[in-house]
Amino acid sequence: MTVLHERPAGLSASDARGRVAELMGMREQAINGPGEKATEAQHAKGKLTARERIELLLDPGSFSEVEQLRRHRATGFGLEAKKPYTDGVITGWGTVEGRTVFVYAHDFRIFGGALGEAHATKIHKIMDMAMAAGAPLVSLNDGAGARIQEGVSALAGYGGIFQRNTKASGVIPQISVMLGPCAGGAAYSPALTDFVFMVRETSQMFITGPDVVRAVTGEEISQNGLGGADVHAETSGVCHFAYDDEESCLDEVRYLLSLLPSNNREMPPAVASPDAVDRSCDALLDLVPVDGNRPYDMTKVIEELVDDGEYLEVHERWARNIICALARLDGHTVGIVANQPQSLAGVLDIEASEKAARFVQFCDAFSIPIVTLLDVPGFLPGVDQEHGGIIRHGAKLLYAYCNATVPRISLILRKAYGGAYIVMDSQSIGADLTYAWPTNEIAVMGAEGAANVIFRKQIAAAEDPEAMRARMVKEYKAELMHPYYAAERGLVDDVIDPAETREVLIKSLAMLRTKHADLPSRKHGNPPQ
């Protein structure tokens, strides 16, 4: 696209009004972009334009654009004849619920949103501004990758983005919203950020596309089948949130931002809550069966505990045997990690360990207290798990908890067995407070398994092995697995009435709000990989 500046008739270049009119004309060109036809093509794909997306994300009228009139300086391959304003990316800042947020949005109508040198420089600048201001950064991604006509300059632009993503990690919240294609090296920027949102049917992420896969492996697969929202939300774990349309997606981004602090030097925002601190949670007495072999939905427990029953689950459809969620207790943001007995009995496996470990690290980085709800039978046994590295993956969760200095409270609802009990923020690895319900069973393993090991000779020699086994199981439970065994030894701070759980958690978190803990002096740790 060739941009021409036409000065209004009767105004000279030396006339101030003429200069302002010329400026307004240039701004109009920048805002309108390549024209109505390109906008219609974008809408025909079920996608909004970059500016429409920014309007949905930010508070009305709050957006301030940076480098709107920027144009590339590249030549060759016809680029010198196409120098549109913005160079295919809109950058700036605005507010979400009154708090400053920085944003950049690829404009697919211009060069397919492909990244060139000027395009990358604009993104670098807004990332630097977000870091300097200590405010969240949201990227609205809809680009075709590197601008091939600019060669290695475009690739170097990605390097600058990756470096800034890494430096900003744990300093400001970084959210990537995938609203179109993201292929090749470009996919690594979202992977470096804290959260990835995707929209079904219109957004895809992959390193090598279907054509390359077909050429190399012979496999036939569509773009959505290879890297669509559902694939990354359920199978790969790359995507934290997936939605059916851009409007609901961006609305949830706003909700997530409302739960987060602006940076790692601030506390998360608190809001007045109409939900009473001392509200009795009587429903919990019926929600959780005493029989440890009976499943139940842990999300119902969370709904009963948190303010107004509202929470935002992260990675809801990946590694479903563990729940990671953000919610509020008495108006203050908390991170919740909980086993889900409805899926794989709530065991820890490779994916659950990775999911929870990164969530714990995020909460710790941004001063979000962590509440852990335990009902875990152990780690998932199996050859695939062992060969897949369950030892090192499970150690990631252990490392994350041990390294976390935010307030940490654990609550044992029912069973907590073996190494999984230790890993799930037990008192021995630094939980500030540990509570349990009267239905708790804390042990090395279940009573049946323990009895088979400890009393195997007596059982084998008995006239009635099954009767002997049942007697030994009962004896083991009575001696080592009664609800007050851990409390008697100081490994649980208190055994509480389930109906009082909300009040106990809120009062404990209020006490811990001024907690201060220092890590050893070091450059950084070396977490398990």
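We count residues from 1, following the sequence as given. Both backbone and side-chain heavy atoms feed into the values below; hydrogens, waters and symmetry mates do not. Small disclaimer: the values here were computed from a predicted structure and weren't measured.
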Show the nearest heavy-atom pair for residues [X] and [Y], with the distance to one decimal.
X    : Y    : value
A242 : A233 : CB-CB, 4.1 Å
R358 : A191 : NH2-O, 4.2 Å
I322 : K355 : O-NZ, 2.7 Å
L260 : R99  : O-NH2, 2.7 Å
T333 : P269 : OG1-O, 3.9 Å
I370 : V406 : CD1-CG2, 3.8 Å

[X] versus [Y]: any side-chain heavy-atom pair under 4.5 Å?
X    : Y    : value
W318 : E354 : yes
V288 : V301 : yes
L413 : L374 : no
I90  : Q68  : no
I336 : V306 : yes
S410 : T434 : yes
V199 : V177 : no
R513 : P407 : no

Other residues, nucleotides, ligands: >12 heavy atoms within 6.0 Å of [X] [atom1]:
X    : atom1 : result
Y255 : OH    : yes
N526 : CG    : no
I207 : CD1   : yes
K507 : NZ    : no

Hydrogens and angles aside, do [X] and [Y] bring a side-chain donor and acceptor to less than 3.5 Å of each other?
X    : Y    : result
Y417 : E441 : yes
S508 : Y435 : yes
W93  : S62  : no
D307 : S273 : yes
E52  : T49  : yes
D251 : S248 : no
Y401 : T372 : yes
T193 : S176 : yes

[Y]/[X] salt bridge by N-O under 4.0 Å criterion:
X    : Y    : value
D128 : K167 : no
R279 : E503 : no
E246 : R53  : yes
D87  : R70  : no
R328 : E310 : no

Roughly how far apart are [X] [atom1] and [Y] [atom2], rounded to 0.5 Å?
X    : Y    : atom1 : atom2 : answer
I302 : E313 : CD1   : CD    : 7.0 Å
L519 : H524 : CG    : NE2   : 13.5 Å
L329 : L509 : CG    : CG    : 6.0 Å
Q342 : T299 : CD    : OG1   : 7.0 Å
T91  : E67  : OG1   : CD    : 6.0 Å
I350 : F379 : CD1   : CZ    : 10.5 Å

Has the side chain of [X] got a donor or acceptor atom that lies under 3.5 Å from a matching backbone atom of [Y]?
X    : Y    : value
R502 : L305 : yes
N165 : L192 : no
S189 : A186 : no
H232 : V238 : no
N440 : W437 : yes
Q385 : I390 : no
D497 : A499 : yes
N263 : G134 : yes
K396 : S353 : no
H315 : G237 : yes

| message | Among D364, D425, D432, exactly one meets salt bridge (charged side-chain N to carboxylate O under 4.0 Å, His left out) together with R408. Which residue is that? | response | D425
| task | Quick one: do E351 and R320 satisfy salt bridge (charged side-chain N to carboxylate O under 4.0 Å, His left out)? Show the steps, please. | result | CA-CA 9 Å; E351 291 185 344; R320 297 189 183 197; over 6 Å; no
| Between T95 and T100, does a side-chain hydrogen bond (donor to acceptor under 3.5 Å, both in side chains) hold up when you go through it step by step? | CA-CA 4 Å; T95 59; T100 300; over 6 Å; no
| request: Quick one: do D349 and N321 satisfy side-chain hydrogen bond (donor to acceptor under 3.5 Å, both in side chains)? Show the steps, please. | output: CA-CA 8 Å; D349 60 3; N321 41 320; 3.3 Å; yes
| task | Answer yes or no on whether K122 is positioned over the face of Y104, meaning its NZ or CZ is under 6.0 Å from the six-membered ring centre and within 45° of the axis. | result | no
| task | Take V492 and I412 through the side-chain contact (heavy atoms from CB on, under 4.5 Å) test and state the conclusion after the steps. | result | CA-CA 9 Å; V492 165; I412 301 153; 4.3 Å; yes
| said: Parallel, tilted or perpendicular: which one describes the rings of F241 and Y243, with boundaries at 30° and 60°? | reply: parallel
| message | Determine whether the aromatic ring centres of residues F195 and F362 are separated by less than 6.0 angstrom. | response | yes
| query | Checking side-chain contact (heavy atoms from CB on, under 4.5 Å) for the pair D308/E303: CA distance, chi angles, key distance, verdict? | reply | CA-CA 8 Å; D308 305 311; E303 287 175 10; over 6 Å; no
| Where do R317 and D230 land on the salt bridge (charged side-chain N to carboxylate O under 4.0 Å, His left out) test, with the steps shown first? | CA-CA 9 Å; R317 296 161 61 198; D230 288 327; 3.0 Å; yes
